[in-house]
Colleague: 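The structure follows.
All chains are named by letter (A, B, ...) in the order of the sequence lines, taking the proteins before the strands, and each is independently numbered beginning at 1. Below, each value reflects all heavy atoms present in this structure, side chains not excepted, and no hydrogens, waters or symmetry copies.
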2 protein chains.
Amino acid sequence: MTSSVSPQPLPPGEPRWLDAEEQKAWRAWLYSAQLVLDRLDRDLTHRTGISHAYYEILVALSETPERMMRMSELADRCLSSRSRLSHAVSRLEERGWVRRQVCAEDGRGQLAVLTDEGFAALEGAAPIHVEGVRRELFDRLSAEQVQSIRDVGETLLRHLDPDRVP
Amino acid sequence: MTSSVSPQPLPPGEPRWLDAEEQKAWRAWLYSAQLVLDRLDRDLTHRTGISHAYYEILVALSETPERMMRMSELADRCLSSRSRLSHAVSRLEERGWVRRQVCAEDGRGQLAVLTDEGFAALEGAAPIHVEGVRRELFDRLSAEQVQSIRDVGETLLRHLDPDRVP
DNA sequence: CCAGCGTAGTTGAGCGTTGAACTATTCCGC
DNA sequence: GCGGAATAGTTCAACGCTCAACTACGCTGG
């Protein structure tokens, strides 16, 4: 949080407050999302030593043919700022799970490369991760509800980040 | 993230991997939730100087008759650890938005009290907040989709935190 | 009435994130 | 090919969160 408050103008007119039903929908969505994300992250972190953010980095790298990716592409894929990713990759490098390599085609660029040790760490964490996703999400929802989280998610993504929606 | 990895046993049997459809539902849910939460927090923070976490604290206090609440109750309401809330209240105290007061009935307890300045800050931020919630969530979704986020949210909450579901 | 245990809340150290400033390289127009 | 703008990535300082240790108070049984 920054302390610089830009004095942007209020939108014109009276705010469109949420009515009672909208409040309930908003609160249910907010708390459930926060709690699910939090539990998944804690469970994964405590049982494998890999936070959800780090796990996503390892997954992204593992899914490329050469197990390497440009830093900025990786940042985009992981919903991470470049600064955050740079720090994270440094810490993964200290663990020996990722190494940096200058990009041949672009001297400014760096490639993050998943090491064999990193791949092994990912293999160890993946069962814990999928178990968590099932326990906190899929096992609680009916087939219709699973369909609707996908539908809502893709609808929101079309606005938030169109390139990410299939 | 802690470095202490408890060597908990793997669940027996082969992990129940996600199939292609489940992957799509999971990714859509995950990315949309992260992006919506992130945008709301950034927008609120940059336009009002109040992060979403702090906003929730102010809202919780403002909704009580006396604009005060026990620290632990406040922590529960805000999905916060006690330590986190204690730090947050200290920072809100520095801004003059909250003050601490020893609890009359329980000498161990502290009450967080919303000041008039804190209430004014909340009044300033509320229109920005509700505008964000509409822009990122309600304005993108049909009435059926709004119903379904509530339904799914409450279903998940019944498992995650039964007391929070109406 | 006090010892021991449980509860409420705080503190401190370490790690992670943020945003802005910075370096290095490439791209573009002339 | 050269000067300036744009892009890629890193670094730094400030802040926030986590976990564990700690203080302080209340409760309960003997």
Colleague: If you check every side-chain atom of A:Ser83, which of D:dC12, C:dA8, D:dA20 has the closest atom?
Modeller: D:dC12
Colleague: Which sits closer to the 5' end of DNA chain D, A:Asp38 or A:Met71, going by the nucleotide each is nearest to?
Modeller: A:Met71
Colleague: Less than 4.0 angstrom between a side-chain N/O of A:Arg108 and OP1 or OP2 of D:dT10, yes or no?
Modeller: no
Colleague: For A:Trp26 and B:His129, take the angle between the two ring planes, folded into 0 to 90°, and tell me which bin it lands in: parallel under 30, tilted 30 to 60, perpendicular over 60.
Modeller: perpendicular
Colleague: Can you measure A:Leu79 atom CG to C:dT17 atom P for me and round it to whole angstrom units?
Modeller: 13 Å
Colleague: Among the nucleotides D:dT18, C:dT10, C:dT18, which one has an atom lying closest to any side-chain atom of B:Arg42?
Modeller: C:dT18
Colleague: Could you state the atom-to-atom distance from CG of A:Asp41 to P of C:dG16 in whole Å?
Modeller: 11 Å
Colleague: Just the rounded figure in Å: distance from P of C:dC15 to OH of A:Tyr54.
Modeller: 10 Å
Colleague: Starting from P on C:dG14, measure out to CD on A:Glu94 and report it in whole angstrom.
Modeller: 15 Å
Colleague: What is the distance from CG of B:Leu37 to C1' of C:dT17, rounded to the nearest Å?
Modeller: 16 Å
Colleague: With the side chain of B:Asp106 defined as its heavy atoms from C-beta on, choose the nearest nucleotide among C:dT25, C:dT18, C:dA8.
Modeller: C:dA8
Colleague: Identify whether NZ of Lys or CZ of Arg in A:Arg91 sits under 6.0 Å from the centre of the six-membered ring of A:Tyr54 and within 45° of that ring's axis.
Modeller: no
Colleague: If you find the nucleotide of DNA chain C closest to A:Ala104 and the one closest to B:Arg100, which residue's nucleotide is nearer the 5' end?
Modeller: B:Arg100
Colleague: I need the CZ-P distance between B:Arg84 and C:dG16, as an integer number of Å.
Modeller: 17 Å
Colleague: D:dC19 phosphate, OP1 or OP2: any side-chain N/O from A:His46 under 4.0 angstrom?
Modeller: yes
Colleague: Nearest whole Å is fine: how far is C:dG16 C1' from A:Ile50 CD1?
Modeller: 16 Å
Colleague: Consider only side-chain N and O atoms of B:Thr115 and B:Arg67, and report whether a donor and an acceptor are under 3.5 Å apart.
Modeller: no
Colleague: May I ask you to evaluate whether A:Arg91 reaches the phosphate of C:dT17, defined as a side-chain N or O under 4.0 Å from OP1 or OP2?
Modeller: yes
Colleague: For B:Gln145 and A:Ser148, which I'm curious about, is there any donor-acceptor pair between the side chains at under 3.5 Å?
Modeller: no
Colleague: The side chain of A:Ala53 lies closest to which of these nucleotides: D:dC17, C:dT17, D:dA8?
Modeller: C:dT17
Colleague: If only side-chain N and O atoms of A:Arg82 are considered, is one of them under 4.0 Å from the OP1 or OP2 phosphate oxygen of C:dT18?
Modeller: no
Colleague: Using heavy-atom distances to pick each residue's nearest nucleotide on DNA chain C, tell me which of A:Glu105 and A:His87 is more 5'.
Modeller: A:His87
Colleague: Looking only at heavy atoms, which two atoms of B:Ser86 and B:Met71 are closest? And how far apart?
Modeller: CA-CE, 3.9 Å
Colleague: Let me know the distance between CD1 of B:Ile57 and C1' of D:dC17, rounded to the nearest Å.
Modeller: 12 Å
